[in-house]
Amino acid sequence: MTSEIILSIENLKTYFFTKKGIVRAVDNISFDIRKGEILCIVGESGSGKTVTALSILRLVESPGKIIEGKIILDEDNLLELSPHKMQDVRGNKIAMVFQDPHSALNPIFTIGDQVSEAISAHKSCNKEDASSQATQLLELVGIPLAKERYHDYPHQFSGGMKQRVVIAMALACHPRVLIADEPATALDLTVQAQILDLFLELRARFEMSIIYITHDLGVVSEIADSIVVMYAGRIMEKGGSRDVLGNPVHPYTKGLMGCLPSEKGIIIPIPGTIPGLINPPAGCIFHPRCVNALDICRMERPPMTKITDEHYVSCFLGGVNG
Amino acid sequence: MDRSYLAKRLLHALIIAWGVMTASFFLMRIGPHSPADKYLATLGAGHNVSQVTAAIESRYGVDRPLYEQYFNYINSLLHGDWGWSFSTSMPVSDLIKIHWAYSFQLIFLSSILAIILGISLGIFTAARKNTKADHIATFFSFAGISIPNFWLGMMLILIFSVKLGWFKTYYDTGLPMFSLSNLYALILPVITLATGMVAGYGRFVRSSMLENMNKDFVRTARAKGLPESVVLRKHVFRNALLPVVTIIMLDMSGIIFGGAYITEFIFGIPGLGWMSLKAVFSDDYSVVMAVTLIGAFVTLFFNLVADIAYTYLDPRIRYE
Amino acid sequence: MKLAAYYLERLKGNKTAIIGLAFIIFLVLTALIGPFFTVSPTQVNFSEKNLPPIGFSSEQSEYSAKVGGLVMTNMHGTWKHPLGTDGMGRDLLSQLISGARVSLLVGLLATGLAIVIGAIIGVSSAYFGGIADSILMRFTDIMITFPFLLLLILIVYMFGSSLALIILSIGLTGWTGTARLVRSETLSLRTRDFVIASKALGASDLRIIFYHLLPNTISSIIVLATLSIPGAILAEAALSFIGLGDPQVASWGNILNAGQNDLQAAWWIAVEPGIMLFFTVISFNFLGEGLRDAFDPKGDYN
Amino acid sequence: LERDSGNKTKDLTAGKLGGTFIEGASGADAETLNWILAADATSLGYISLAFDGLIAYDNKFNIVNRWLKNDIKTSDDGLSYTVTIRDDLEWSDGKPVTSDDFVYTMKNLMFADWMAYTYAGDWTEEVDGKSVFVEPVVENETTFTIKRKTVDPEFLYTVTDLMIYPKHIVSKYEGDVKAFTQAPELNNLSYTGNLGPYRYKEWIRNDKIVMERNPDYYLGKENGEPYFENYEVKIFGTSTARHAAMEAGDITNTGIDPEQVMKFKAIPSIKVFTVPTTGYRVLQYNMRDNGWEGLKDRKVRQAISMSISKEKIIQDILLGFGEPAFSFIPNVSPWYSEEGLSKIGVGALYDKTRAKELMKEAGYGIEKNGAIQVIDKKGDKIKLKFFTITGSKVHESMAYLIQKELGDIGIEVDIKFVPWETMLRKYYMNKVPGSDQPARNNNGPRAVSEEPWDLMYAGQSTDVLQPSGTEIFFVTDGGLNTSGYSNPEVDALFKKVHSKEALDVTARKKIYAQLSKIISEDQPLDFLAYPTANIAFKSNIRGIDPGISMNYNYQEWYFG
Amino acid sequence: MAKIIEIENLRKYYPVTRGFLSKKRGDVKAVDGVSFFIQEGETLGLAGESGCGKSTLGRTILKLEEPDSGNILWRGRDITKSRKNQLKEFRKDCQIIFQDPKSSLDPRMTVGNSIEEALIIHDIGAREERTRMVGELLLKVGLTLDYMPRYPHELSGGQQQRIGIARALAVNPGLIVADEPVSALDVSVQAQILNLLMELKTQLKLSYLFIAHNLWVIRYISDRVAIMYLGKIVELADKDELFENPLHPYTVALLSSLPGSRNRKVLRGEVPSPMNPPDGCRFHTRCEKKLDRCVSIEPEMKEVGKGHFVMCHLY
Ligand SMILES: Nc1ncnc2c1ncn2[C@@H]1O[C@H](COP(=O)(O)OP(=O)(O)OP(=O)(O)O)[C@@H](O)[C@H]1O
Ligand SMILES: Nc1ncnc2c1ncn2[C@@H]1O[C@H](COP(=O)(O)OP(=O)(O)OP(=O)(O)O)[C@@H](O)[C@H]1O
Ligand SMILES: [Mg+2]
Ligand SMILES: [Mg+2]
């Protein structure tokens, strides 16, 4: 896949300055996303996936702060835009869908109101236009009887439907990049499948780029074009879907896959737990749980090593042990 | 909100009101006091104390068996008769008719002021969370909550009336109710009553705002690209308002029978609070009962209003 | 206990709470040992009446036998009575210290009583449910609906203004908040997994109440208690202020009440106890809010 | 350039007329304007604005007739009193006030069982061991006679206090106490006609009562009185507010605390009058069985009184506004006599050493190292329980001063402040233990109060014209003899006041002098002081005659 | 092999009330006529959509909720009607572990105390002995003795879950109801816990009723699997049989919605409310193969193969 790069994140660092210390939630990560691509960010809880997504939209709240890095969209560094300009990016060029559809909608406004609000935030159009566009959007994401349900309140919708509404809001201005933060995790298996289908359909239809955040490797294998594996705020491995899943290099990626039952019905867990981010282990952040850890792993942070053009890994054993 | 729900709420309110009425009725009668007390003090030689006591107690009907008095009281209540106030020699209903306005103007002005200032303060501090302005405002809110209002009233009198002479040291009932001079006369009492309310509402609105600012839907709204002012005004404030409305409603009765009482006492405003205080001190049962009952009804009314307001403001309940 | 230490550690970060705590400790110490260092608060001395506090002066009329009538004298504060004296020449410092005792006593005992009653009613209501719950909650509703101050005034007027009765009646009328809080907490705790686990192990109701439910409401109760103490103190002061205080003790409310009539001649009598009340109340409020934050699991950040 | 005298009056009136007189009051509001039900002085005060009464007294206790046409005639045998009222008195509906109204009011209201009039006892006499009412009789339109079977020279003062209701209005409520109590025309004085200088206008409870000028006032026919357009009594919650209102000129007159007198005297727009009052302060000794036994001994009582300086009280507490008291008859009373009074508590009789000696003589002291140590009979320190009512600074100050004084002679005083009701129930009312007597203020010498007490501080007031009213405190079966004092000599002398012998004023004065002397020696209570009052007026008020009853001519006051 | 527990036609309804007079508006039929058994040493997996009644079923068979009807036979003994104090033995034999490891531990108790509580309730051992036993249990679940004085908030989710397991094991149970014990955990930790549960099962001859959302977890750990829909078990079979040859249209759809599965059959429509489930077959509103009678007649549970039960008119 060699279409143009649409959004590029470079050396992003987002820290939280808490009373207990600095939480290095996102610690120097870089990746790109191309037009029409689905990029999956995988990682365990607390690995910094959500913070990464929020950083892209500059929605990290205090005590969090983007320390350094660049987020380049259309040659603009988003981190340097004025707050006003940034507002115009949000929802318009980059939209986001959050994990929990139950809390992502304001309970006291109607569905229609909230969708049309997303439209009128960026397009100057009158109320009727906005509302008819909103109805269309609702139909698009598969809400039956969209017209009638326009005036319903969120609590009258099921979880799956709410998530569709949230997606409709995100699509309001046909953004170029859609960030979806675990959009299906809170939903039932059958509904989850519906939502995944919807995403695939949307991508096909609008040529959007989608950053899909998940910790479910099953989902990843189904939809990802490329994959970023995060662990404790850092990228362990990134690359094309086939490369990463078919030829995982980083011990962590391998470990993650081992946690799923193999054909023989065996799972091999990764020992230990994810480290605290305030005083993270020196060197490679994964070394305490790594069975192959070398001395150097305890001292130095491994650089991103290229394995193929599309496949990078941050490990001193890069490729060696593969 | 359906009718039967309303009917049930009213029934509930009635039961509570009955409970309050019964409790206060018996509370007052089991006490050692009697309306004849004040006569005892003036009895001279040759008077048969018990005879006179009996005569006076029969004059006011308090010599009957308790249950009989109780049913009589309920009976006359049901007939719209609040009884006779023997400490002021007038029907309780007239007494209330004359005096409620003094309480009302005080409470009304203070509440309006407190709601406006309190909500503004809350929004202001929430929007500027953790800034210097917020810290200062927070400190003053704490001070406002903590300052005993009777003391505040006294200090205002000391400074502005006694030392500076800007105001009278008492509330002048001679002023026409709807006049600027009356408004001027109410300044100190309103400050006394409203300070705690402003501070309390301010804190409450602030924390309610902050709580809502952390909600996912606010983040969603920001992600939509809405300007911060719209996010705050529409998504945060409207949601923060819900508990605020409830609190203000529920607070009302507390204000009326707490702060307003004391404020009336300090400034000599002859409102219901002061009335009932005097009535307590002169064992004037029917006035105390009436004020208690009115208090209960006010509380229940505001509870109901809070519920209805909530239903109106929160679609999750409206469409149940 | 380690857990306590943990919360204390969290509290330490909160400056205002620490200031509040410090003042309360100071107040407690003063109330305890102060009386050993000051003159008796009831010791009158008519030749030293209405002395202003140190650094102030005021004009006072006095009877002069020489003149055979009133003379104006300019009084200055003296170190003997650093906070001045009242109209009988009683030392205000020692009165305020005695008032601190009263206020703390009222605050702690009345709140304690209210908390105990409220906790018992709340836990029983939630745990036993059904009719017991309905009756107890209706009763609580009635108590809440009662105009609080009027009820308090009524009881104290009816049965006499002794400190014990005042404490008792504040306690007996002030438990509704606790009852509701404990009830709702218990209701939600009751369905928590650890309680179910305990049940699954065959734990008795009493064990569950005393080992799981109550200990887990303790932090809310502590916060509520801390924030209720000023309420109780103010209630006593308000009662005293309107003349229903225990005349046998020098409570701040009593001093204020007396000072009310002397605003012109001796403003400090009304000002000083008010300041004490204010600082005490704000300290408890600071501490209470601090505790609330410390106990709040969300408070890990910021 | 002669002027018509009639015109002159009118002109004068025109100049005086107008303005609102505002009296600043403190304390509780009146309870009712329905005078027969009133139990408090405030109520009677309000009523009197619309209702003059038969007579008034000037500052020297001279009688000034009001409704009376002639002075009340007492028959030579002292058994009948003839009252003749003016013939120009009218009710509001224009009906004349007649002697029938008076007789009706007495017979059908004051003496009626259904009414339970509180002061009905004042109108009874003891005949053959039974208490019967005196007998009023209509003589003609304007004259009625009250007949007695026994002589009581002081009954005259009771008669002069007489008030009335209009028979034609009140008779419809007769027998129905509830209807009477709630009758609107009785509660807002709408019947008072021309009987007083002012008429009811507005009453906001616990705030103010406003009375308006009565243009028909019977006394005003000649001079156009009263001159104020309105007369208002404004109640203040605190003395701070009251003083500040006076200072700011918001009110016309009010009482001034001693501390404030200097300040007010310095204000040019205000003048302050210092006037005597009829009250006095006492320290009661409990001679009942639940008081400390020593108090039954006169020497002990004298000793205690001797160690309390009346001068100190006056200087320290009253700031000089008062005089030492030695008698139950205030020194302003025409019956007051200094002769033979033991002036305990001042001068030579304020002597703590003497007091200790007296204690020792009574058996409550031993000699130790040349000094007398006061102890009780068991050899312990004497501890006395002192009570007074709450909420009064003067009472509190007195308590502490007395505590200090007695501390000097080695008696410990334990002070308790109790509310008035408690005082009444637990300390005043008494009954014989174990009996089923209803508690009364005096249930005989063996009766005791519910709670024990030794000393009690109280304020009392005596009718200066009729001091025998005070006998209820002193005679053995006196209705308010709560401390159990009993002296046959005193009982006999008070009886004498109410006998034929006392019809003669000089004789009566002698009896009073003797009584004062005995009581001051006996010291059943320690008379402490007669306080004087300071009353401030706006200085542009004219017509004031300062004195003990300076209100007697208030209808003639005007703004200058 | 003996059945450790057998339940017949179990029902648990929750009344839905509203308003002050608590007027009943209907029932949530959380468990509506369920029968199955679990043999010693066997794991029965239970899957189904959210709200279909899995947890309620788990709690009801442990008598943590009173069943409305039906029977619970524990090792052949009918304990449906037994009172609390008669259940001591049963309580020792049947334990539960929970989804949310954090809330399953009393935040005010140390880890040691939490585990020890089980022993105290059943009067097992003296004090020192209990401490020793707690230590052993900690080691058994893969922790060390240092954890004893710690509080739950000092532990990670996986560690907390281990404590929950240790507490359940303390009384030596035969059956453990595991209510989604791994759903709240990270994949890597999930795997640890699953392996631990497997190990314990063989080591201690435990039986599990294993409730999970995640079908791969079910497949990994279960011997037999039951699929639940709206309060009823619609299909029950051996693990491999069920996954290879699902019969009920709901099971088919459920399996096909697993990410990565080949022939996707995405279910349309929403789960009906358990308060008024559809008449006839409960699944008919979402079923692609619905027959006429599905709308009105409720299908019976049929054994269509050896140990393969299905509740559907198609078979
Ligand atoms: N407001 C905050 N204050 C302090 N630390 C925070 C805050 N928000 C997030 N963090 C920390 O940042 C780290 C990354 O969090 P993030 O929410 O990005 O994880 P995630 O990968 O999205 O996890 P999950 O899969 O659970 O959603 C975590 O360690 C978290 O504790
Ligand atoms: N205590 C209760 N009172 C009332 N209704 C209840 C109660 N517990 C559960 N329910 C209802 O019973 C139904 C089944 O709930 P249950 O918790 O058993 O579902 P579940 O299958 O475990 O769901 P999940 O997968 O979300 O845990 C749900 O509709 C739920 O709302
Ligand atoms: Mg996340
Ligand atoms: Mg569940």
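Reminder, nothing fancy here: chain letters follow the sequence lines and each chain counts from 1.
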For D/K404, which atoms come within 4.5 Å of any heavy atom of chain C: side chain, backbone, both, or neither?
side chain

OG (D/S392) and CZ (D/F417) are apart, to the nearest 0.5 Å, by 9.5 Å

Would you call C/K49 and C/D86 a salt bridge, using N to O less than 4.0 angstrom?
no

Going from CZ on D/F537 to OG1 on D/T252, what distance comes out if it is rounded to the nearest 0.5 angstrom?
9.0 Å

Which of parallel (below 30°), tilted (30 to 60°) and perpendicular (above 60°) describes D/Y280 and D/F527?
tilted

Under a 4.5 Å heavy-atom cut-off, does chain C meet the side chain of D/T422, its backbone, both or neither?
neither

Which atoms of C/M88 come close to chain D, meaning under 4.5 Å heavy atom to heavy atom: side chain ones, backbone ones, both, or neither?
side chain

Heavy-atom contact with chain C under 4.5 Å, split by part of D/I415:
backbone

If we define contacts as heavy-atom pairs under 4.5 Å, which of C/N50, C/N45, C/L70, C/L244 has the most with chain D?
C/L70

Non-hydrogen contacts under 4.5 angstrom with chain D: give the residues of residues 258-286 of chain C involved, or none if there are none.
C/Q260, C/N261, C/D262, C/L263, C/Q264, C/A265

Which residue, D/V413, D/D414, D/L455, forms the side-chain contact (heavy atoms from CB on, under 4.5 Å) with D/Q403?
D/V413

Looking only at side chains, do C/S251 and C/D246 share a donor and an acceptor under 3.5 Å apart?
no

Going by the side-chain contact (heavy atoms from CB on, under 4.5 Å) test, name the single residue among D/L384, D/D526, D/D454 that passes it with D/I304.
D/L384

Structural part of D/A244 lying under 4.5 Å from a heavy atom of chain C:
both

Chain D contact via C/S47 - side chain, backbone, both or neither, heavy atoms under 4.5 Å
neither

Counting heavy-atom pairs under 4.5 Å with chain C, which one of D/K265, D/K393, D/E311, D/K312 comes out on top?
D/K393

Can you tell me if D/K426 has over 12 outside heavy atoms packed within less than 6.0 Å of its NZ?
no

Side-chain donor-acceptor pairs under 3.5 Å in residues 254-263 of chain D, sequence neighbours left out?
| residue | atom | partner | partner atom | Å |
| --- | --- | --- | --- | --- |
| D/T254 | OG1 | D/G24 | O | 2.7 |
| D/T254 | OG1 | D/R242 | NH1 | 3.0 |
| D/K263 | NZ | D/E247 | OE1 | 3.3 |

State whether the side chain of C/T111 and the backbone N or O of C/L108 hold a donor-acceptor pair below 3.5 Å, judged by distance alone.
no

